[in-house]
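Okay, structure first, notes after.
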Amino acid sequence: MTSQDKSGRQVRVRFAPSPTGPLHIGGVRTALYNYLFARRNGGKMILRIEDTDSQRFVPGAEDYINEALSWLGIGIDEGVREGGPYGPYKQSERRDIYREHVRMLLDSGKAYLAFDTPEELAKVRAEKPNFQYDASTRMEMRNSLALPAEEVQRLLDSGAQYVVRFRIEPGRDVEVNDLIRGKVVIKSDILDDKVLYKSADDLPTYHLANIVDDHLMHISHVIRGEEWLPSAPLHVLLYEAFGWADTMPEFVHLPLLLKPDGKGKLSKRDGDRLGFPVFPLLWNDPASGNISSGYRESGYLPEAVVNFLALLGWNPGDDTEIMDMDTLIAKFSLDHCSKAGARFAFEKGKWFNHTYLQAMSDESLASLFRPVLQRHGIDDSKYSDDVLSRIVGLVKDRINFVEDLWDQAGFFFEAPQEYDPKAVKKRWSEDTPRIMKELIGQLQSLESWKSADAEAPVLAWITENGYHMGNVMNAFRLAVVGACRGPHMFDITEILGPDETISRINRAIENVQPAV
Ligand code: GLU
């Protein structure tokens with residue numbers, strides 16, 4: 001393992017979310033790939049908070065990001081909480097740095113001041129439908145290139161608000177080298193003179209802050225979602241304008257996450273429509289009060305979420321599916337990232353959760369089951385770890401989520417209140433109460449309630465009397481479970497014990513109305 005990339009630089013990557021709401025699951029995948037790449041290459045993972053858009057700032061979003069990453073085990077080496085040599089790691093605390101860099105571009109003529117008001121811009125856009133603020137139009141606008149120097153000075157002295165725009169020269173082929181996509185070339189003519197800074201809030205825009213920080217933080221690889229690919233040519237030009245082309249990071253644009261069905265990009269609405277979360281943690285929107293579900297609260301294990309996300313856009317080069325974080329780190333490489341969008345197969349996410357739950361010990365699962373029991377009003381202190389572990393062991397192969405343990409094993413804690421009508425119709429006849437009474441007699445005469453010991457004598461009694469095996473055993477099950485489902489009957493009765501088993505059969509004899 002090396003700590004350097006091909007060009008000999010130390011690998012330093014950053015996850016750079018904007019705290020404008022809950023981190024989307026696609027953002028989590030981006031963070032994960034950055035983390036895997038950093039760890040694989042002995043590099044550093046930086047978390048930078050890009051909060052320069054004061055209009056879109058959402059309280060609580062930054063804490064949410066931290067909590068989500070730590071839940072998933074995505075470790076951060078340098079960041080707001082972790083500190084580090086290139087801080088501050090929150091952009092709103094780096095205003096001086098951006099001001100200085102805006103000045104550098106203004107002094108070198110690579111940027112200019114623009115005084116056009118929002119109303120003026122709206123007007124020109126209304127008049128010229130394809131209007132773009134660029135080399136072909138800028139001399140008709142109110143900016144420091146078009147206005148006489150005295151006028152510019154007068155405006156500044158009068159305290160007029162302005163923005164700083166990047167001066168993009170037409171006629172250039174701009175090359176972006178992307179490690180997944182290869183070389184992408186675009187003409188500089190299609191780019192507009194992007195706003196880099198706004199005097200009104202003394203803050204840079206995303207583009208400037210992002211480039212300056214990537215440079216100052218010695219970022220070697222920019223790994224981010226495909227939606228940022230259109231910004232990359234502008235970023236390349238900014239590196240050049242600053243004279244940093246030699247240390248420009250490598251670009252890596254990850255494939256989009258696509259809808260589980262149909263065409264297009266995964267959205268929150270798909271999650272609502274098909275019933276899966278698109279956020280790592282539950283999110284309570286401070287403005288609307290709306291609650292969005294999260295993977296954590298929906299019962300997913302963080303290991304399962306990580307494993308599932310890792311395979312959405314990357315593969316290990318073989319068909320291995322189950323990989324813990326260390327294995328993912330050992331196998332991760334950008335060469336195996338795909339260009340094509342990755343379908344968000346949420347059913348597969350459930351399968352991962354199922355598989356990780358099966359791999360847990362019965363004891364660990366039992367401890368996760370206790371809070372579920374409490375939520376269902378069961379006093380779990382009455383049950384030892386041993387009993388809970390045995391119960392969990394009997395049903396765990398049927399669960400995708402810890403919460404499912406209640407559906408599968410709730411009958412161990414509560415005698416049936418009602419009996420599945422379909423099963424009653426099929427298995428409970430006029431004669432059943434009599435046979436159940438006989439069954440009670442048989443059970444009372446058992447020498448041992450151990451599953452392996454109890455089964456043979458009961459089955460022998462059924463056969464000897466010429467009873468119907470399926471009807472008797474299912475009526476027995478109906479009486480104890482309330483439905484014809486659940487694990488092996490004698491495993492159930494071993495745990496319930498004689499008193500509870502017999503009392504349930506008696507209750508059924510009294511309460512079940514045979515089907516007519
Ligand atoms: N702040 C941007 C975001 O919200 C960062 C994009 C990038 O990684 O350059 O995703």
Among Y300, W406, Y356, which residue satisfies the ring-ring contact (aromatic ring centres under 6.0 Å, His included) criterion with F401? Y300

Does either side chain, that of D380 or that of Q374, offer a donor lying less than 3.5 Å from an acceptor on the other one? yes

Check against side-chain contact (heavy atoms from CB on, under 4.5 Å), T20 and D53: CA-CA 9 Å; T20 53; D53 189 344; 5.6 Å; no

Output yes when a side-chain donor or acceptor of R142 lies under 3.5 Å from a complementary backbone atom of F115, and no otherwise. yes

Decide yes or no on side chain to side chain donor-acceptor pair (under 3.5 Å) for H253 and R181, but give the supporting numbers first. CA-CA 8 Å; H253 290 95; R181 277 147 230 280; 5.2 Å; no

Flag, side chain of E303 to backbone of D324, donor-acceptor distance under 3.5 Å: no

Sequence neighbours excluded, every pair satisfying side-chain hydrogen bond (donor to acceptor under 3.5 Å, both in side chains) that has a member inside residues 338-351: E321-K348

May I ask you to decide if G171's main-chain N or O and D189's side chain share a donor-acceptor pair within less than 3.5 Å? yes

For the side chain of S199 and the backbone of Q161, is there at least one donor-acceptor N/O pair under 3.5 Å apart? no

For the pair W228 and Y206, name the ring-plane relationship: parallel under 30°, tilted 30 to 60°, perpendicular over 60°. tilted

A241 and L105: which non-hydrogen atoms are nearest, and at how many Å? CB-CD2, 3.9 Å

If you compare all heavy atoms of P302 against all heavy atoms of L72, which two are closest, and at what distance to 0.1 Å? O-CD2, 3.9 Å

For G313 and P255 the tightest heavy-atom approach is CA-CG, 3.9 Å

How many angstroms lie between atom CG of L357 and atom CG of N353, to the nearest 0.5 angstrom? 5.0 Å

Taking the basic N atoms (NZ, or NE/NH1/NH2) and the acidic carboxylate oxygens, is any pair closer than 4.0 Å for K265 and E227? no

Look at R48 together with E50 and state whether they make a salt bridge at an N to O cut-off of under 4.0 Å. yes

Under-4.0 Å salt bridge between E78 and R14: no

Residue of the set F251, F37, Y33 for which ring-ring contact (aromatic ring centres under 6.0 Å, His included) holds with H221: F37

Aromatic ring proximity W244/H101, centre distance under 6.0 Å: yes

Do Q91 and D213 have a side chain donor and acceptor closer than 3.5 Å? yes

Quick test of your reading of the model: are D63 and R81 salt-bridged, counting only N-O distances below 4.0 Å? no

I'd like to know if R94 pairs up with D96 as an ion pair, taking the criterion as any Lys NZ or Arg NE/NH1/NH2 lying under 4.0 Å from an Asp or Glu carboxylate oxygen. no

Tell me whether E120 is salt-bridged to K123, with the criterion being a basic N under 4.0 Å from an acidic carboxylate O. no

Is the F276 to Y295 ring centre distance short of 6.0 Å? no

R167 side chain to D193 backbone, donor-acceptor under 3.5 Å: no

Indicate yes or no: does E127 engage R125 in a salt bridge with an N to O separation below 4.0 Å. no

With distance as the sole test, does E297 use its side chain to make a donor-acceptor pair with the main-chain N or O of L282 at under 3.5 Å? yes

State whether D270 and R273 are salt-bridged, where the test is any N-O pair (Lys NZ or Arg NE/NH1/NH2 against Asp/Glu carboxylate O) under 4.0 Å. yes

If you measure only the distance, is there a donor-acceptor pair under 3.5 Å linking the side chains of S364 and S367? no

Under a 4.0 Å N-O cut-off, is there an ion pair linking R172 with E240? yes

Give a yes or no answer on whether the side chain of T320 reaches the backbone of P316 with a donor-acceptor pair at less than 3.5 Å. no

Angle class for the H218/H215 ring planes (parallel below 30°, perpendicular above 60°, tilted otherwise)? tilted

Whether Y64 and W283 hold their rings parallel, tilted or perpendicular, with breakpoints at 30° and 60°: perpendicular

Once rounded to the nearest 0.5 Å, what's the spacing between atom CG of L373 and atom CG of L368? 11.5 Å

On a heavy-atom basis, which atom in H235 and which in I211 lie closest, and how many Å separate them? CG-CD1, 3.3 Å

Any donor-acceptor pair under 3.5 Å linking the side chain of S267 with the backbone of R269? yes

Taking N143 as the fixed residue, which of Y133, Y162, Y112 is the one that meets the side chain to side chain donor-acceptor pair (under 3.5 Å) rule? Y133

Ring centroid separation W314 to H336 under 6.0 Å: no

Under 3.5 Å, is there a donor-acceptor pair linking the side chains of Q132 and D134? yes

From CA spacing to verdict: salt bridge (Lys or Arg N to Asp or Glu O under 4.0 Å), E93, R95: CA-CA 6 Å; E93 293 169 10; R95 289 170 198 256; over 6 Å; no

Counting N and O atoms only, with roles assigned by atom type, does the side chain of N41 sit under 3.5 Å from a partner on the main chain of G43, one being a donor and the other an acceptor? no

Roughly how far, to the nearest 0.5 Å, is CG of D178 from CG of L229? 6.5 Å

So, are R398 and D404 salt-bridged, with charged N and O less than 4.0 Å apart? no

Just to verify, what does N284 make a side-chain hydrogen bond (donor to acceptor under 3.5 Å, both in side chains) with, not counting sequence neighbours? none

Taking 4.0 angstrom as the limit, do D202 and R99 come out as a salt bridge? yes

Decide yes or no on side-chain contact (heavy atoms from CB on, under 4.5 Å) for L23 and L281, but give the supporting numbers first. CA-CA 9 Å; L23 184 58; L281 316 177; over 6 Å; no

Rounded to the nearest 0.5 Å, how far does CD1 of I76 lie from NZ of K44? 12.5 Å

In short, D362 meets V392 closest at the heavy-atom pair O-CG1, 4.1 Å

Specify the closest pair of heavy atoms between L36 and L328, including all atoms of both residues, with the distance to one decimal. CD2-CB, 3.8 Å

Salt bridge present between D107 and R103 (N-O < 4.0 angstrom): yes

Between S188 and E169, is there a donor-acceptor pair closer than 3.5 Å when you use the side chain of the first and the backbone of the second? yes

For the side-chain contact (heavy atoms from CB on, under 4.5 Å) test, which of D214, I223, I219 pairs with V13? I223

Anything under 30° is parallel, anything over 60° is perpendicular, the rest tilted; go ahead and classify F308 against F352. tilted

To the nearest 0.5 Å, what is the distance between CD1 (I168) and CZ (R138)? 8.5 Å

